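All values reported here derive from a predicted model rather than from experimental measurement.
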Amino acid sequence: MAVDDEIGSGHAEANETAWSVARLNDEIAATLESASDRFPTYVVGEVSDATAKGYGTFFTLRDVDGDETIQCIIWSSYRDRIEEDITEGEEVIVRANVDFYTDGGRTQLNVKNYWPVGDSERSQELEALRAEMADEGLFADDRKQPVPSFPSNIGIVTSLTGSAREDFREAAWGRAPGVTLTFFGATVQGTNAVPSLVGAIRQADQDPDIDSIVVTRGGGADDTLWCFNEEPVVRAIADCQTPTIVAIGHEDDETLVERVADKAAITPTQAGVVATPDMRAVRDQVVALERRLETGYEAIVTDRLDATDRRIDNAIVSIERAADNRRAQIQRAADLEQRVDAVYATLTSARLDELDSRIENALQEVEHAAETEAVTANAARGRVAGLEARIDQAYETHVQREIEALERRIERGYQDIKTSTDIQAAQQQAQKLRIAVFILIALLLLGIALWAAGVL
């Protein structure tokens, strides 16, 4: 936030919001670096104010159609590889990146190469090819294959007589002594370089034993490296089914083959580092991992054993508690059984006593009832006897009366019969009357007997 001088916000606010020059320059440098893909690789302009020093050459690049300028520097490591001299007043195309010098607070171009405008046609062709391949997605990260971490056979496309071969082999075998290196010789500069490189790359890609392909050569001027910008070579690498590593030239040498390769390295030596694992480090990691595994295993075993011991101890304690509980339950059961036996004996005795008492009472009641019934029976027998006597007496009296009445009637009847002219008939009637009397007497006796028996 900027300080508003017009309202006089004070020194305190200024100290809180104002940046230092160093911070501002660092932020400008970081911003330019993060936006580097927005700047072109090639810039055209007119050279002026060239100053050569031992470590590099400073010059100003002026816009060809105006007065705008930008400062440039080309370090001696690049200047010595450029065949053309830096000439003031000459229109040139430079390959450079935008650089910000934080100590001086100035923006400049860090030049890697440049050509007089007469050579710009080839540069324009290169830019056209770069744009075409970018549109095809050949530079995209998502199409790049991972390089094998532990290759068994590496194919190297390079000159069999150049130093790049030895540099790569020394670096690769220094890191992974057991890896197989298969060299595919190729011409890496000049007119025959393109077909030679394409043939060697395809031969390596078709070899089923090759795990990864390295295309490399040492540094040189842009002219000597130009074959690695040719479309056939670039497309041969882009079409490889085998993971590819490209290391062309030295730091800041840039070719299209590096853009399409799965991995790029700065030098042949670094390519050997990128293509192989550091077996010493791997062995150290394996040893460290073994130690960690042993330590972890011991720790795990110890922990498991301790946990098992604790579980066993807890199980023993639980079993002992269960045994104690079992014994307590058995004791409680025995106590309960004794109590039940005692209660049962008590209840049984009480019930038996109660039953004995009830039986005794019942017997007494039965005996009393029997005695009562005996008395009642005796009384009844007495009453029956008296009744029988009374009945007998009444019967005798009644019968006697009836007999006497019958006799009187018979007598009267007999007398009447006598007077009748039919004595025979009278006799027969008398006989019938006697029979009737006998029947009546029998019925009376039967009725008395039944009444005495209690039926009537």
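Panel note: side chain Tyr114, backbone Val44; no donor-acceptor pair is recorded below 3.5 Å. A distance-only check finds no donor-acceptor pair linking the side chain of Thr102 to the backbone of Asn25 [under 3.5 Å]. Remark: the backbone N or O of Lys144 is not paired with any side-chain donor or acceptor of Asp262 at under 3.5 angstrom. Under a 3.5 Å cut-off, the side chain of Glu258 and the backbone N or O of Ala264 do not form any donor-acceptor pair. No side-chain donor-acceptor contact under 3.5 Å links Trp115 to the backbone of Val94. Remark: side-chain polar atoms of Thr187 are not paired, donor with acceptor, to backbone N or O of Gln189 under 3.5 angstrom. For the pair Glu27 (side chain) and Leu24 (backbone), a donor-acceptor distance under 3.5 Å is absent. Checking side-chain atoms of Thr276 against main-chain N and O of Arg175 turns up no donor-acceptor pair under 3.5 Å. For Glu132 (side chain) and Ala128 (main-chain N/O), no donor-acceptor pair under 3.5 Å exists by modelled atom type. Checking side-chain atoms of Ser76 against main-chain N and O of Arg79 turns up no donor-acceptor pair under 3.5 Å.
Looking at Glu294 and Arg291, no side-chain N of the basic residue comes within less than 4.0 Å of a carboxylate O on the acidic one, giving no salt bridge. Salt-bridge check for Glu136 with Arg235: passed, with a basic side-chain N closer than 4.0 Å to an acidic carboxylate O.
Expressed to the nearest 0.5 Å, how far CG of Asn110 lies from CG of Asn97 amounts to 5.0 Å. Asp209 contributes atom CG, which lies 11.0 Å from atom OG1 of Thr242 (distance to the nearest 0.5 angstrom). Note that the CG atom of Asp309 and the CG atom of Asn314 stand 10.5 Å from one another [nearest 0.5 Å]. Atoms CZ and CG, on Arg283 and Asp278 in that order, are 8.5 Å from each other to the nearest 0.5 Å. The CZ atom of Arg339 sits 12.0 Å away from atom CZ of Arg332, with the distance rounded to the nearest 0.5 Å. Separation of atoms CG (Asp284) and CZ (Arg280) is listed at 9.5 Å; rounding is to 0.5 Å.
Applying side chain to side chain contact (heavy atoms under 4.5 Å, CB included) to Ile237 and the options Leu256, Asp205, Val260, Ile213 leaves one that passes, Val260. Each of Thr107, Asp99, Thr60 was checked for a side chain to side chain donor-acceptor pair (under 3.5 Å) with Gln71, and the lone residue meeting it is Thr60.
Nearest heavy-atom pair across Ala186 and Ser196 is CA-OG, 3.2 Å. For the residue pair Ala261 and Val246, the shortest heavy atom distance occurs at CB-CG2, 3.4 Å. In terms of heavy-atom proximity, Leu61 sits nearest to Gly45 at CD1-C, 3.4 Å. The shortest non-hydrogen separation linking Lys53 to Phe58 is CD-CE1, 4.0 Å. Nearest heavy-atom pair, Ile245 versus Ala271, reported as atom, atom and distance to 0.1 Å: CG2-CB, 4.5 Å. The shortest non-hydrogen separation linking Phe228 to Val188 is CE1-O, 3.5 Å.
Under a cut-off of 6.0 angstrom, the local environment of CZ in Arg292 is sparse, with at most 12 non-hydrogen atoms contributed by other residues, nucleotides or ligands. In this structure, Phe39 places its CZ atom where more than 12 heavy-atom neighbours from other residues, nucleotides or ligands lie under 6.0 Å away. Within 6.0 Å of CD on Gln145 lie more than 12 heavy atoms contributed by other residues, nucleotides or ligands. Summarising the local packing, CZ of Arg143 is surrounded by more than 12 heavy atoms from other residues, nucleotides or ligands at distances under 6.0 Å.
The shortest distance between side-chain heavy atoms of Phe59 and Ile73 does not fall below 4.5 Å. At a threshold of 4.5 Å between non-hydrogen side-chain atoms, the residues Arg130 and Arg259 count as touching. Proximity of Val111 to Thr57: side-chain heavy atoms (C-beta onward) are nowhere separated by under 4.5 Å. The shortest distance between side-chain heavy atoms of Ile210 and Phe184 falls below 4.5 Å. Contact check for Pro243 versus Pro148: side-chain heavy atoms found under the 4.5 Å cut-off. Residues Val157 and Val214 form no side-chain contact, since every pair of their non-hydrogen atoms from C-beta on lies 4.5 Å or further apart. Side-chain contact between Ile154 and Phe168: present, with at least one pair of heavy atoms (C-beta onward) separated by less than 4.5 Å. A 4.5 Å side-chain heavy-atom check between Val47 and Thr87 finds every atom pair outside the cut-off.
No donor-acceptor contact under 3.5 angstrom links the side chains of Thr158 and Arg217, judged on distance only. Of the N and O atoms on the side chains of Ser152 and Asp211, at least one donor lies less than 3.5 Å from an acceptor on the other residue. Remark: the Glu360 side chain and the Ser357 side chain contain no N/O donor-acceptor pair separated by less than 3.5 Å. A side-chain donor-acceptor contact under 3.5 Å links Asn153 and Thr182. In summary, the side chains of Thr267 and Thr269 do not present any donor paired with an acceptor at a separation below 3.5 Å, with no hydrogens or angles considered.
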Please test Ser212 against Thr244 for side chain to side chain contact (heavy atoms under 4.5 Å, CB included), starting from the C-alpha separation and ending with a verdict.
CA-CA 6 Å; Ser212 60; Thr244 56; over 6 Å; no

Apply side chain to side chain contact (heavy atoms under 4.5 Å, CB included) to residues Val257 and Ile248 and explain how you reach the verdict.
CA-CA 9 Å; Val257 292; Ile248 304 301; 4.0 Å; yes

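For Arg326, the side-chain contact (heavy atoms from CB on, under 4.5 Å) partners are Gln329, Ile330, not counting sequence neighbours.
Both cation-pi conditions hold for Arg165 and Phe183: the charged atom is under 6.0 angstrom from the six-membered ring centre and inside a 45 degree cone around its axis.
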